[in-house]
Amino acid sequence: MGDGVGTQDSKLKTRVSTKRGTQVTLGRDDWHPTASMEALRLRAEILAKIRAFFAERDVWEVETPLLASAPVTDLHLHALSCRYRGPGVDGGRELYLQTSPEFAMKRLLAAGSGSIFQICRAVRNGEAGRRHNPEFTILEWYRPGWDHHRLMDEVDELLAATLGSPSSERLSYAEAYIRYAGFDPHTESLAALHDRVKGLGVPSAYDLARDDLLDLVLTHVIEPKLGHCQPTFIDDYPASQASLARIRDGDPPLAERFEVFAEGVELANGYHELVDAAEQRRRFEADIQKRESQNLPSVPIDERLLAALEHGLPPCAGVALGVDRLVMLASGTCDIADILAFPIDRA
Amino acid sequence: MASYNLNQVKVGLKILVDGDPCVIVDTDVVKPGKGQAFTKVKYKNYKTERVNEKTLKASDSFEGADVMEKEMQYLYTDGRTWTFMDQGTYEQVEADSNAVGDSQQWLKEEDLCQITLWEGNPIVVTPPNFVVLEITETDPGVKGDTSSGGNKPATTETGAVVRVPLFVQEGEKIKIDTRTGDYVSRA
């Protein structure tokens, strides 16, 4: 008996607090959640507040599949895949874990759903760090008939309802770069961008594309300064970063896309949605060509989404918000492990 | 030496940066939702102890550094090099003044030190946290003043100068915290 107690004691003494598994845990203590019960209850409260927020506004909650036959074509999003076998598919069928519910929700919108929201898991391969866990919770919603400006107002109201944050400031992408980095992102030469990024401690910047260089300035210089007294919205992105947003003609043409930052953290990304099926197909094909040239895995195009767009997606605005980051902000932590029950190392 | 890709980097990994051996002290992924992922790596240079930061993309890599830490016994110095011995293998290594640095003032023969070896050569010598050294020179304390909080300089057998209480006399042994250089107690 005495020995047994002694063993227990020494196990407790050698307990190593490891959120991210950088150390070997002695005594199998890694079954514990990394988040406190308090943080997990805060998560539950925030989810309840989000649902109440949309219930009041007649935006209804939907659920769409986690497994999809085609992933996004985006060069920087890596979908995990798995093989399904069952009735009718004896040979097996490749399915992708969604990186966001966007395509499926747009199919619902095209089928006449009206305003909808979803709270679901999304999975992105390779993303793990203090602000990332490969599987995470997305809040995504769509507003038919709205543009991105009106949707930004609603995101603002959601942040007030969940975080109690004051009303936001709005900057254009160009204004943010001029104010915090001292140059115009639309006109700065590639050579000057390379020099700026080299100065940020990026040794291999020479073979990076323009948008990657701009992103590095955003993450290293601008983002840390955004959203400290109030949330910051940035809109009017370069057309090359439009993703699935509409592009507005002009000099330069600008993407009707916005992002939201709070306490230096990227929180949400929204679009005045592209509804043109032909343009959507061109963007998919351009991505796939770039994927080939960069030796990234080839992915199929989501033909069901394109068919839905051809049928007719109502003009709408949509936004995806990282719920885990919202909980991080509410609980005042900079480490996602503090608000997840079991991050990937303990999955 | 092996090369490490960015999925292999982690805290504690020893790497070569600009020809210098370094240890990784922090890593994090930086990724805008729609942008390329980068890895931010903070590393400490063993020689300068300076911490620097690099941001690398997925296809970048680090060259590994053959760095290990070992407990070795300090044997002697000829004034130019300091000789340490592995007590298990009796293998001896010589550290130069760059490696020994300020630690030399705490080195007492037979004490066990932490030696950082790069490709087999010592680059950092860390003395024990506490050493016991004899006072070889100090002014006699003023008689009757043994309780006041005053202190005075004292030279140890290794040449280090430490502030000691007035009651400590020549020939006495004292315990010193080498991390701060502070007197702890009489030994």
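Side chains are part of it too, since the values below use all heavy atoms of this structure and drop only hydrogens, waters and symmetry mates.
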Looking at [options], which makes the most heavy-atom pairs under 4.5 Å with chain A?
options	answer
B:Thr55, B:Val29, B:Val30, B:Asp60	B:Thr55
B:Thr39, B:Asn7, B:Asp26	B:Asp26
B:Lys34, B:Glu53, B:Lys40	B:Lys34

Original post:
So which of A:Glu259, A:Arg257, A:Gln241 has the largest heavy-atom pair count under 4.5 angstrom toward chain B?
Top reply: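 Answer, by heavy-atom pair count under 4.5 Å with chain B: A:Arg257.
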**OP:** Just give me the residue among A:Leu218, A:Asp211, A:Leu208 that pairs up with chain B most often, heavy atom to heavy atom, under 4.5 Å.
**Re:**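 Ranked by contacts with chain B, first place is A:Leu208.
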Report which part of [X] has an atom under 4.5 Å of a heavy atom belonging to chain B: side chain, backbone, both, or neither.
X	result
A:Ser243	side chain
A:Asn295	neither
A:Leu216	side chain
A:His220	side chain

Give a yes or no on whether [X] atom [atom1] has more than 12 heavy-atom contacts from other residues, nucleotides or ligands under 6.0 Å away.
X	atom1	result
B:Asp96	CG	yes
B:Glu137	CD	no
B:Glu110	CD	no
B:Tyr76	OH	no
B:Lys42	NZ	no
B:Glu157	CD	yes

Original post:
Between B:Asp28 and A:Arg131, is there a side-chain N and carboxylate O pair less than 4.0 Å apart?
Top reply: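 Result for this pair is no, no salt bridge flagged.
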Subject >> Sidechain-backbone polar pair: B:Lys57 side chain, A:Ser204 backbone, donor-acceptor under 3.5 Å >> reply: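 Yes, B:Lys57 side chain to A:Ser204 backbone: donor-acceptor pair under 3.5 Å.
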Original post:
Tell me, side chain or backbone of B:Thr27 under 4.5 Å from chain A's heavy atoms, or both, or neither?
Top reply: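 When you check distances to chain A, only backbone atoms of B:Thr27 fall under 4.5 Å.
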**OP:** With a 4.5 angstrom heavy-atom cut-off, could you sort out which part of B:Asp18 is near chain A: side chain, backbone, both or neither?
**Re:**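 When you check distances to chain A, no heavy atom of B:Asp18 falls under 4.5 Å.
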**OP:** List the steps and the verdict of side chain to side chain contact (heavy atoms under 4.5 Å, CB included) for A:His76 and B:Lys31.
**Re:** CA-CA 9 Å; A:His76 301 311; B:Lys31 185 186 185 304; 4.1 Å; yes
**OP:** Taking all heavy atoms of B:Gly35 and all of A:Asp215, pick out the closest pair and write down the distance.
**Re:**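 Minimum heavy-atom separation between B:Gly35 and A:Asp215: CA-OD2, 3.3 Å.
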Original post:
If you look at every heavy atom in B:Lys54 and A:Pro203, which pair is closest and at what distance?
Top reply: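 Scanning both residues, the minimum pair turns out to be CD-CG, 3.9 Å.
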